[in-house]
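The structure appears right after this line, and notes come after that.
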Amino acid sequence: MDRILNLYDGLYRQYGPQRWWPGETQYEIVIGAVLTQNTAWSNVEKAINNLKSAKALDPNTIIGMHEDRLKALIRPSGFYNQKAERLRLITDWYSENSGNAGSMDRMELRNQLLEIKGIGRETADSIALYGFNKPIFVVDAYTRRFCSHYNLLDKGDYDDYRLLFEDAIGLKAKVFNEYHALIVAWGKENK
DNA sequence: GGCCAGGTGTAAA
DNA sequence: TTTACACATGGC
């Protein structure tokens, strides 16, 4: 049995199902994916709660909102100048494409997202997997640490890590979803 | 008070 | 192609 599958079983037994992404709606997942860029999730929660309290967590409101207003609401998540712009761009895309993104090929969706300024590989893959249920494995800082710890891969490009898991598991969105979340749970216990 | 967190774009070597 | 740096807040 492949070691990657074996480690998955171990994590699952230890931590149980994680029920990711921590967000209720598809749009909230998209917003959260941007806000969490190099940022602690606790700070992202504050920003999302601000948006909810302001009844601003929907595409039309975000697009129509004054830039300074948006920056103030997302301020706790840090990098708020950049992120306000990134939220606007991803929201423009979302308004246009959320309807048919679900029927896109996984790589077609990924490539569309990567064309958006401020949406890099991890953010694109998080949106594709957790927002649209596409089988793309998400690589983050925890994933690299996990791979290094278990000697799966030490230095590599983002896609080297992604393919390592995709090749071992097969294109299974449900497993990708759970595995990534479990790696984060593992990572928070192993600092 | 310093370090770090579920990255990304840009510029320079 | 690789490396360095800016971007910012809140928790410990």
Side-chain angles (χ1 to χ4, degrees), chain A residues 7-8 11 15 17-24 26-54 67-93 110-134 136-150 152-162 164-166 173 175-191:
Chain A
L7 287 166
Y8 174 75
L11 288 174
Y15 299 106
Q18 300 297 302
R19 306 172 194 290
W20 267 36
W21 181 281
E24 288 144 23
Q26 184 179 59
Y27 184 62
E28 184 177 336
I29 293 169
V30 171
I31 294 306
V34 171
L35 292 179
T36 197
Q37 290 172 351
N38 200 42
T39 300
W41 183 256
S42 58
N43 284 357
V44 177
E45 282 184 318
K46 296 178 196 305
I48 288 179
N49 286 335
N50 285 346
L51 292 170
K52 284 182 176 171
S53 299
E67 185 184 339
D68 289 338
R69 167 81 167 142
L70 180 58
K71 287 181 181 179
L73 290 171
I74 67 171
R75 182 186 162 96
S77 75
F79 303 124
Y80 53 83
N81 290 305
Q82 296 181 1
K83 285 177 178 175
E85 168 74 357
R86 292 174 184 184
L87 288 186
R88 198 176 58 69
L89 292 173
I90 192 66
T91 302
D92 283 342
W93 173 87
R110 183 179 208 248
N111 290 330
Q112 268 201 23
L113 291 168
L114 287 176
E115 286 177 12
I116 302 167
K117 183 178 173 187
I119 306 300
R121 289 170 295 189
E122 182 186 335
T123 308
D125 292 347
S126 295
I127 291 170
L129 177 63
Y130 291 105
F132 292 94
N133 201 34
K134 300 294 181 185
I136 303 182
F137 199 89
V138 177
V139 176
D140 64 357
Y142 289 129
T143 312
R144 294 169 195 274
R145 226 183 298 160
F146 180 80
C147 287
S148 176
H149 181 83
Y150 287 106
L152 297 169
L153 180 59
D154 206 345
K155 290 236 182 263
D157 194 8
Y158 180 96
D159 284 328
D160 295 331
Y161 287 92
R162 180 173 63 82
L164 179 70
F165 287 88
E166 293 186 354
V175 180
F176 289 177
N177 178 322
E178 199 61 60
Y179 207 151
H180 176 73
L182 285 166
I183 287 174
V184 174
W186 172 88
K188 292 187 174 179
E189 276 201 357
N190 296 272
K191 308 207 177 182

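In what follows, chains carry the letters A, B, and so on, assigned in the order in which the sequence lines appear, proteins first and then strands, with residues in each chain numbered from 1.
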Interatomic distance, A:Ile90 CD1 vs B:dG9 P [rounded to whole Å]: 11 Å
Rounded distance (Å) that lies between atom P of C:dT1 and atom CG of A:Asp157: 9 Å
Closest of B:dG7, C:dG11, B:dA5 to the A:Ser42 side chain is C:dG11
Identify, residue by residue, the members of residues 68-84 of chain A with a heavy atom below 4.0 Å from DNA chain C, and return them in order of residue number, or none. A:Arg75, A:Pro76, A:Gly78, A:Phe79, A:Tyr80, A:Asn81, A:Gln82
Contact check, residues 111-125 of chain A vs DNA chain B, heavy-atom distance under 4.0 Å, returns A:Ile116, A:Lys117, A:Gly118, A:Ile119, A:Gly120, A:Arg121, A:Glu122, A:Thr123
In whole angstroms, the gap separating C1' of C:dT2 from CG of A:Asp160 amounts to 14 Å
Looking at every strand, decide which applies to A:Lys191 at a 4.0 Å heavy-atom threshold: base, sugar-phosphate, or nothing. nothing
Whole-Å gap separating C1' (C:dT1) and NZ (A:Lys155): 15 Å
Using 30° and 60° as the class limits, which term best fits the ring planes of A:Tyr130 and A:His180: parallel, tilted or perpendicular? tilted
Qualifying residues under ring pair (Phe, Tyr, Trp, His ring centres under 6.0 Å), relative to A:Trp93, sequence neighbours excluded: none
C:dA8 versus B:dG1 - spacing of their P atoms, nearest Å: 23 Å
Residues that A:Glu122 engages under side chain to side chain donor-acceptor pair (under 3.5 Å), provided they are two or more places apart: none
Closest contact, heavy atoms only, A:Ala47 versus A:Leu35: CB-CD1, 4.0 Å
Work out which heavy atom in A:Arg162 is nearest to a heavy atom in A:Asp125; give both atom names and the distance. CD-OD2, 3.7 Å
Check every strand shown and say whether A:Arg145 touches a base, only sugar-phosphate, or nothing at a heavy-atom separation below 4.0 Å. sugar-phosphate
For DNA chain B, which consecutive runs of 3 or more Watson-Crick or G-U pairs (each distance under 3.5 Å) count as stems? B:2-5 with C:9-12, B:7-13 with C:1-7
Checking A:Phe176 now: which residues fulfil ring pair (Phe, Tyr, Trp, His ring centres under 6.0 Å) with it, not counting sequence neighbours? A:Phe137
For the rings on A:Tyr150 and A:Phe146, is their centre-to-centre separation under 6.0 Å? yes
Starting at atom CG of A:Leu35, determine the distance to atom P of B:dA5, rounded to an integer number of angstrom. 18 Å
Would you say A:Leu113 and A:Ile90 make side-chain contact, with heavy atoms under 4.5 Å? yes
Do the charged groups of A:Lys52 and A:Glu28 touch, with an N to O distance under 4.0 Å? yes
Does A:Leu70 reach the side chain of A:Leu51, with side-chain heavy atoms less than 4.5 Å apart? yes
I need the NZ-C1' distance between A:Lys46 and B:dA5, as an integer number of Å. 13 Å
Rounded to the nearest angstrom, tell me the gap between atom CG in A:Asn38 and atom P in B:dG9. 13 Å
Give the rounded distance in Å between these two atoms: CD of A:Gln37 and P of C:dG10. 18 Å
Are any of the side-chain heavy atoms of A:Asn81 and A:Glu85 separated by less than 4.5 Å? no
Would you mind telling me which of A:Val184, A:Leu182, A:Leu129 makes a side chain to side chain contact (heavy atoms under 4.5 Å, CB included) with A:Trp20? A:Val184
